[in-house]
There are 2 protein chains.
Amino acid sequence: MARTTGSDGGRTEAAVREAAVNLIARYGYEAMSMRQLAAEVGVQAAALYRYFPTKEDLLFTLMREHMQGLHEAWEHSRPGDADPARQLAAYVRNHIAFHIGRRHATHVSNMELRSLSPDRLTQILRLRTAYEKELRSILRDGAEAGIFNIEDTGLTAMALIQMMTGVIVWFRPGERLSITEVTTTYLSMTMRLVGAKIDSITTGPRVTSDAQWTL
Amino acid sequence: MARTTGSDGGRTEAAVREAAVNLIARYGYEAMSMRQLAAEVGVQAAALYRYFPTKEDLLFTLMREHMQGLHEAWEHSRPGDADPARQLAAYVRNHIAFHIGRRHATHVSNMELRSLSPDRLTQILRLRTAYEKELRSILRDGAEAGIFNIEDTGLTAMALIQMMTGVIVWFRPGERLSITEVTTTYLSMTMRLVGAKIDSITTGPRVTSDAQWTL
DNA sequence: GAATTAATTGAACGTTCGTTTTATTACTGC
DNA sequence: GCAGTAATAAAACGAACGTTCAATTAATTC
């Protein structure tokens with residue numbers, strides 16, 4: 001046989017991407033074989049090479065688009081003129097929503113960096129660094145304005161990102177907590193972690209621990 | 001050739017373990033070949049099978065001993081009768097010290113779970129859960145005593161562990177920050193995150209953000 | 001110093017891997 | 001309906017994989 005009835009390049013490529021994300025997230029990039037991926041799509045292995053020249057190209061494409069998507073999501077949801085506390089809240093909300101919505105893709109982007117060639121690794125890390133830089137910038141602004149109480153901006157940014165991204169490790173939709181509840185709790189923890197004051201103008205007592213961070 | 005002069009089973013096994021941890025951490029379990037591991041040790045691939053019956057047995061042994069070591073380290077460093085804040089501080093200190101000291105082994109234990117057979121995965125997860133349970137217990141005690149201000153004990157425990165373990169992703173000995181500085185900052189962040197009061201008896205104003213957590 | 005045990009080599013086994021090549025069929029534009 | 005292109009199958013490639021086996025030598029025991 002050769003071309004099958006109803007075959008469509010666009011649909012097949014989309015199916016390949018989706019199946020690849022799921023298989024790599026579950027078994028790992030090295031453990032997933034091209035034949036296994038092809039079987040999942042319902043196609044022969046050779047057909048995959050019409051869309052991705054090598055296995056690593058496939059991995060790189062998935063990662064790059066995931067990282068770009070993350071950055072674009074933030075740029076669309078960032079408040080333009082808000083104070084650092086509101087900016088931070090928006091960052092946390094975007095980060096959690098994006099990652100919970102794409103648990104498998106996040107797993108791939110975080111776990112399979114070592115399977116990239118050096119220059120492609122550099123490209124992905126550049127995208128990641130640019131995204132993290134946004135958070136550091138918010139933290140610095142807040143610290144300088146006296147709204148946050150932070151020992152080390154870079155270290156705090158890394159701690160926050162690790163904490164937030166970690167949601168995908170244990171969160172399963174439909175279990176004990178809803179996405180809204182999880183996000184609310186993470187917002188509270190974040191604001192306490194950075195020592196945020198609820199009001200940057202008044203110099204009243206700290207009410208951080210009890211505040212509702214619905215900024 | 002056959003047995004080489006000066007060969008010693010104990011030494012060879014130790015060398016295999018060490019080389020395996022490093023190679024798996026760097027390239028991943030699937031990507032590391034038994035021949036590559038043997039070459040690193042300075043031995044033929046067949047010799048490895050004297051010490052570990054299969055490749056997965058090797059992985060499982062490394063993981064199990066790492067998790068057991070983590071739990072034992074905590075049991076040796078836990079304060080017997082301290083209040084929850086001090087208990088939490090000791091937990092954080094032990095966790096960070098242990099993980100920074102064994103970055104590669106931690107990477108293996110965190111990243112290669114999917115390469116284990118189902119029942120071995122269960123065994124490792126049981127060890128991990130037992131260790132995490134200790135933290136949840138501390139948080140619950142502190143919350144009930146009114147020392148901590150926590151929305152959800154389980155969620156906070158996961159967030160803290162993800163945050164602390166994340167240290168190994170970016171921390172490199174000898175760079176900008178020392179282990180002591182990192183640990184101190186993480187202690188401060190942890191105490192703020194759980195909304196700890198510096199003194200559980202007095203009901204004075206919160207000074208969390210500015211407190212030196214040298215418990 | 002002979003017998004036994006411990007440690008390792010070298011070669012081989014069957015399988016699976018990523019990838020390439022060639023041929024064949026379905027679709028599209030005219 | 002015919003030419004050209006898009007999409008796939010089928011088969012094969014050499015290389016690498018985890019693992020096994022028999023042979024061989026070093027150390028130990030008595």
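Chain letters run A, B, ... following the sequence lines, proteins first, then strands; residues in each count from 1. As the structure is a computational prediction, the values presented were derived from the model and not from experiment.
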Distance in angstrom units between A/Gln44 CD and C/dG18 P, rounded: 14 Å

Considering only side-chain heavy atoms of A/Ala47, which listed nucleotide, C/dT20, D/dT8, C/dA7, is closest? D/dT8

Grab the NZ-P distance between A/Lys55 and C/dC17 for me, whole Å please. 9 Å

Mind calculating the distance between CZ (A/Arg35) and P (D/dA11) to the nearest angstrom? 13 Å

Value for CE (B/Met158) from CD (B/Gln162), rounded to nearest 0.5 Å, stands at 5.5 Å

Between OH of A/Tyr49 and P of C/dG18 the distance, given in whole Å, is 6 Å

Round to the nearest Å and state the distance from A/Arg11 atom CZ to C/dC27 atom P. 10 Å

For D/dA26, does either OP1 or OP2 sit under 4.0 Å from a side-chain N or O belonging to B/Thr5? no

Under 4.0 Å from OP1 or OP2 of D/dT8: is there any side-chain N or O of A/Thr12 that close? yes

Can you give each donor-acceptor pair under 3.5 Å made by side-chain atoms of residues 130-142 of chain A, sequence neighbours left out, with the distance rounded to 0.1 Å?
unit_1: A/Tyr131; atom_1: OH; unit_2: A/His95; atom_2: ND1; d: 2.7
unit_1: A/Glu134; atom_1: OE1; unit_2: A/Trp74; atom_2: NE1; d: 3.1
unit_1: A/Glu134; atom_1: OE1; unit_2: A/Arg78; atom_2: NH2; d: 2.5

Would A/Arg126 and A/Thr122 count as a side chain to side chain contact (heavy atoms under 4.5 Å, CB included) if you check the C-alpha gap in whole Å, the side-chain angles of each, and the deciding distance to 0.1 Å? CA-CA 6 Å; A/Arg126 224 194 299 273; A/Thr122 302; 3.6 Å; yes

Rounded interatomic separation in angstrom, taking CG from A/Leu37 and P from C/dT19: 12 Å

Between B/Pro53 and B/Gln36, which has a closest nucleotide on DNA chain D that is more 5'? B/Gln36

For the side chain of B/Ala46, counting heavy atoms from C-beta on, which of D/dT20, C/dT8, D/dT8 is nearest? D/dT20

Do the ring planes of B/Tyr186 and B/Trp170 sit parallel (below 30°), tilted (30 to 60°) or perpendicular (above 60°)? parallel

If you look at every strand shown and take non-hydrogen atoms under 4.0 Å, does B/Tyr51 touch a base, only sugar-phosphate, or nothing? sugar-phosphate

Check B/Met111, B/Arg103, B/His104 against B/His107 for a side-chain contact (heavy atoms from CB on, under 4.5 Å) and give me the one that passes. B/Met111

Side chain of A/Arg50 (C-beta onward), nearest among D/dT24, D/dA7, C/dG10: D/dA7

Of the candidates D/dT19, D/dG18, D/dA26, the side chain of B/Ser33 sits closest to D/dG18

Between A/Met34 (CE) and D/dA11 (P), how many Å, whole number? 20 Å

Taking only side-chain nitrogens and oxygens of B/Thr4, does any of them come within less than 4.0 Å of OP1 or OP2 of C/dA7? no

To the nearest angstrom, how far is A/Leu48 atom CG from D/dA7 atom P? 14 Å

